[in-house]
Amino acid sequence: MNRPDRAFGPWLVSPWRRGAVAAMAGALPMLAFPAPSWWWFAYVAVVPWILLARSAPTGRRAAYDGWFGGFGFILAVHHWLLPSLHVFTVVIAALLGALWAPWGWLVRRFLAGVPSPGRVGAALLVLPSGWLMVELARSWQGLGGPWGLLGSSQWQVEPALRLASVGGVWLLSFLVVAVNVAVAVLVSVRESRMPAVAGLVATAAATSAAWVWSPRPDVDGRVRIAVVQPGVVDGSTSGDKRFAREEALTRELAGQGADLVVWGESSVGFDLADRPDLALRVAALSREVGADILVNVDARRSDRPGIYKSSVLVGPHGATGDRYDKMRLVPFGEYVPARSLLGWATSVGKAAGEDRRRGTEQVVMNVGHGLRVGPMICFESAFPDMSRRLAQDGAEVLVAQSSTSTFQHSWAPGQHASLAALRAAETGRTMVHATLTGVSAVYGPDGERIGSWLGTNTSGATVYDVPLARGVTPYVRFGDWPVHGALLVMAALCVAEGARTFRLRRPAPESLVPPARTTRESPARPGR
């Protein structure tokens with residue numbers, strides 16, 4: 001049998017060449033996300049990475065394959081950050097890529113050589129669980145948040161959205177990786193094809209059963225929600241110009257029966273307490289269109305120190321008192337982690353010059369007409385737990401106010417808008433994604449798109465007729481159970497590996513059989 005490190009040819013004997021190939025293999029899944037949106041590609045995109053790691057000559061080399069692949073993946077799905085963070089984007093990718101090093105080792109541990117049916121079956125459980133551990137770790141806000149979770153590439157696939165209502169985006173990531181593992185075995189190990197096929201059949205059967213069983217949201221009523229997208233506004237007085245543009249667009253909504261008007265993130269650049277003239281103008285707009293207006297204030301507050309990003313509800317008589325301060329801030333964009341050590345990032349890119357302040361709790365707002373909405377701001381829509389909590393607290397509609405104008409001509413606006421489809425399907429609640437410059441979008445309780453996107457070249461106001469759903473999805477009720485299951489799998493693996501190592505290192509017991517006598521020994525006088 002050929003050595004595993006020769007499986008890809010002698011060219012990959014060089015560690016640097018192998019690292020470059022691993023990085024390119026890790027970058028492939030980015031094509032499954034918007035803008036390409038090749039959702040089907042996600043089911044084979046990880047196969048080259050798996051094949052490379054399983055061919056590694058040692059466990060250490062497999063870990064490096066995991067690390068370099070993770071570097072390529074993070075850099076690819078965040079490539080739109082390069083104009084803002086420059087070289088620091090590469091540093092972040094290198095650091096986060098290390099999270100995949102143990103996963104690369106696991107690939108070789110279970111799939112190297114000719115794996116037995118038992119090892120293939122274990123790989124179909126362990127490798128997706130290990131991938132979920134990586135996604136869980138990097139989903140921490142301090143590490144950038146859950147942007148580019150593999151399962152989120154399935155945002156436009158109806159069966160996948162149904163499964164998201166059962167186990168969230170985590171279940172989708174698990175299933176996508178499991179399929180990649182099975183395909184990798186099918187194409188590389190002829191002797192193990194039967195267990196790989198059995199794994200694919202079992203995955204298809206389990207997902208089909210979950211798809212049939214999962215309850216559909218019960219639609220009970222409809223409301224009309226308007227999104228105001230002013231478009232790109234430049235210049236030193238862009239704050240005032242943007243407000244005037246939003247004001248003009250909102251005025252066009254008069255007589256269209258809107259129940260709520262939503263403006264994008266940072267749509268108001270002044271604290272309304274400091275600018276009562278602006279507060280009066282928004283209140284006048286509310287009276288004119290006959291609906292409350294949810295604005296987003298990005299300014300230094302007058303009642304406490306620091307800059308906050310806040311969703312503020314304004315009614316016909318002024319601010320209603322409902323306010324949500326953003327809790328999860330964008331690293332480097334809205335604050336610099338460990339600024340005393342990493343403050344130099346502000347000199348090489350567009351990192352935040354001053355840290356924003358955090359809110360302390362989520363808020364469900366009572367809008368006019370009896371509607372209860374749960375606001376989120378910017379990349380908070382990437383966090384499944386935040387939308388789940390709002391649904392538990394009684395929100396009937398989820399609203400994300402966002403702005404990706406810094407990355408206007410990249411893949412970021414489309415990727416951000418697609419996340420709302422997952423949050424809607426997970427919670428069984430309509431979700432409105434309103435931005436300053438696009439892409440704005442609305443998704444129904446099943447995650448299906450309602451109306452058309454407002455693209456990055458659009459400036460306008462649109463009213464969406466959206467359904468209201470009652471009831472609770474399994475994901476809202478049971479939470480992140482796929483992650484908990486993956487944690488149990490990894491814990492069991494650690495126990496099994498520990499026991500295996502102990503058996504290998506344990507010295508063999510001394511023999512209790514007496515030594516055999518030689519022909520020269522005498523029973524009466526041993527040794528003679």
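Throughout, numbering of the chain's residues begins at 1 and tracks the sequence.
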Exercise: identify the closest heavy-atom pair between Ala45 and Leu28: O-CB, 3.8 Å
Could you grab the distance from atom CH2 of Trp39 to atom CD of Gln154, nearest 0.5 Å is fine? 6.5 Å
Which atom names give the shortest non-hydrogen contact between Gly438 and Gln408, and what distance separates them? O-OE1, 4.4 Å
State which residue, out of Ser311, Ser310, Ser266, fulfils the side-chain hydrogen bond (donor to acceptor under 3.5 Å, both in side chains) condition with Gln401. Ser311
I'd like to know if Arg61 and Asp65 make a salt bridge, using a cut-off of under 4.0 Å between side-chain N and carboxylate O. yes
Against Trp49, only a single residue in Phe71, Trp67, Trp103 fulfils ring-ring contact (aromatic ring centres under 6.0 Å, His included); can you say which? Trp103
Could you check if a side-chain atom of Leu106 sits within less than 4.5 angstrom of a side-chain atom of Leu493, using non-hydrogen atoms only? yes
Phe383/Met376 under side-chain contact (heavy atoms from CB on, under 4.5 Å): CA gap, chis, key distance, verdict: CA-CA 10 Å; Phe383 292 85; Met376 292 174 283; over 6 Å; no
Does Leu487 reach the side chain of Met133, with side-chain heavy atoms less than 4.5 Å apart? yes
Between Arg18 and Tyr64, is there a side-chain heavy-atom distance shorter than 4.5 Å? no
Heavy-atom side-chain proximity of Leu81 to Phe407 below 4.5 angstrom: yes
So Trp40 and Trp38, would you call those rings parallel, tilted or perpendicular, with 30° and 60° as cut-offs? parallel
Least distance between heavy atoms, Thr473 atom then Gly428 atom: CG2-N, 3.6 Å
Given Glu380, Met431, Met386, His433, the one that forms side-chain contact (heavy atoms from CB on, under 4.5 Å) with Arg423: Met431
What is the distance from atom CH2 of Trp100 to atom CD1 of Ile74, rounded to the nearest 0.5 Å? 4.0 Å
Using 0.5 Å steps for rounding, measure from the OG atom of Ser116 to the CD atom of Glu191. 12.0 Å
For the student: nearest non-hydrogen atoms of Trp481 and Gly167, plus distance: NE1-CA, 3.6 Å
Measuring from atom CG of Asp446 to atom OG1 of Thr430, what distance do you get when rounded to the nearest 0.5 angstrom? 9.0 Å
Among Phe379, Trp147, Phe33, the one residue meeting ring-ring contact (aromatic ring centres under 6.0 Å, His included) with His416: Trp147
If we only count heavy atoms from C-beta on, is the Leu111 to Leu127 side-chain gap below 4.5 Å? yes
Can you tell me which residue among Arg356, Arg328, Lys309 is in a side-chain hydrogen bond (donor to acceptor under 3.5 Å, both in side chains) with Glu334? Lys309
Residue set satisfying side chain to side chain contact (heavy atoms under 4.5 Å, CB included) with Pro117, at least two apart, ordered chain then number -> Pro195
Decide yes or no on side-chain contact (heavy atoms from CB on, under 4.5 Å) for Leu172 and Val157, but give the supporting numbers first. CA-CA 11 Å; Leu172 301 184; Val157 183; over 6 Å; no
Using every non-hydrogen atom in the two residues, find where Ser387 and Glu426 come nearest and quote the distance to one decimal. OG-OE1, 4.3 Å
